[in-house]
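Reading through the structure tokens given below for one structure.
Computed from a predicted structure; not experimentally measured. Convention: sequence-line order gives letters A, B, ...; per-chain numbering from 1.
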Number of protein chains: 2
Amino acid sequence: MSISLSVFIKGKRKQLKLTQPDLAERAGVGLRFVRELEQGKESVRMDKVNQVLALFGSELGVVTKQDV
Amino acid sequence: MSISLSVFIKGKRKQLKLTQPDLAERAGVGLRFVRELEQGKESVRMDKVNQVLALFGSELGVVTKQDV
DNA sequence: CACTTTTATACCCCAAAGGGTATAAAATGA
DNA sequence: TCATTTTATACCCTTTGGGGTATAAAAGTG
């Protein structure tokens, strides 16, 4: 199933022992974006989110009932 | 697994026999947004996407390896 | 075929996303 | 506890997402 995006990202980042500035730089997004993302801001841009997720080998997708 | 967002949405809409204006109104988003979304625009806002997906009982989530 | 409906493209406009940065607050650890 | 690192808040600024709408192009339908 899918979990909270912010939780997922924060967890993955910690797992890789990266700071927010680290993650921002590696993902090629702004530091502010990483913070807002981890704080659960809903109105983020999907392409930016995917840039971050790409670092973890994941991607944003539609989770349907059949998927489970 | 996850499929293309635009394909998923367009498919679901057709399935429900809705026009783009219909979907836009029901989801509470603009018509332009629905169109850009179905045309695969990457830089859409996540909250708006979820507004549309909510109509289908789905939601945008992170698909991880374990999910499959 | 023409007629109707649906979808795509194009324009203006405003609110807000997000980058940068500076400062404050928390967390971590010696 | 104090010092250092990490994270959060706040501000300015530029860019752009997205709403509305008008027009053009496609796709259906008789």
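When all heavy atoms are compared, the tightest approach of P21(A) to L31(A) is N-CD1, 3.6 Å. In this structure, F56(A) and L23(A) approach most closely via the heavy-atom pair CZ-CD1, 3.9 Å.
A salt bridge links E38(A) with R13(A): the distance from a Lys NZ or Arg NE/NH1/NH2 to an Asp or Glu carboxylate oxygen falls below 4.0 Å.
Heavy atoms of K14(A) sit under 4.0 angstrom from primed sugar atoms or phosphate atoms, though from no base atom. Among the heavy atoms of the strands lying under 4.0 Å from Q39(A) are primed sugar atoms or P, OP1, OP2 only; no base atom is included.
For T19(B), counting side-chain heavy atoms from C-beta on, the closest listed nucleotide (dC11(D), dT7(C), dA22(C)) is dT7(C). Residue F33(B) has its side chain nearest to dG19(D) when only dC11(D), dG19(D), dA22(D) are considered.
Residue R13(B) places at least one side-chain N or O under 4.0 Å from the OP1 or OP2 atom of dT7(C). Of the side-chain N and O atoms in S43(A), one or more sit less than 4.0 angstrom from OP1 or OP2 of dA17(C). For dG19(D), the OP1/OP2 oxygens have a side-chain nitrogen or oxygen of K48(B) closer than 4.0 Å. For dA8(D), the OP1/OP2 oxygens have a side-chain nitrogen or oxygen of Q20(A) closer than 4.0 Å.
The distance from atom CG of L31(B) to atom P of dA22(D) is 13 Å, rounded to the nearest whole Å.
Looking at R45(A), its side chain has no donor and acceptor atom pair within 3.5 Å of the base of dA17(C).
Atom OG in S58(A) sits 5.5 Å away from atom NZ in K12(A) (nearest 0.5 Å).
Where D47(A) and K10(B) meet DNA chain C, the nucleotide closest to each residue was compared, and K10(B) sits on the side nearer the 5' end.
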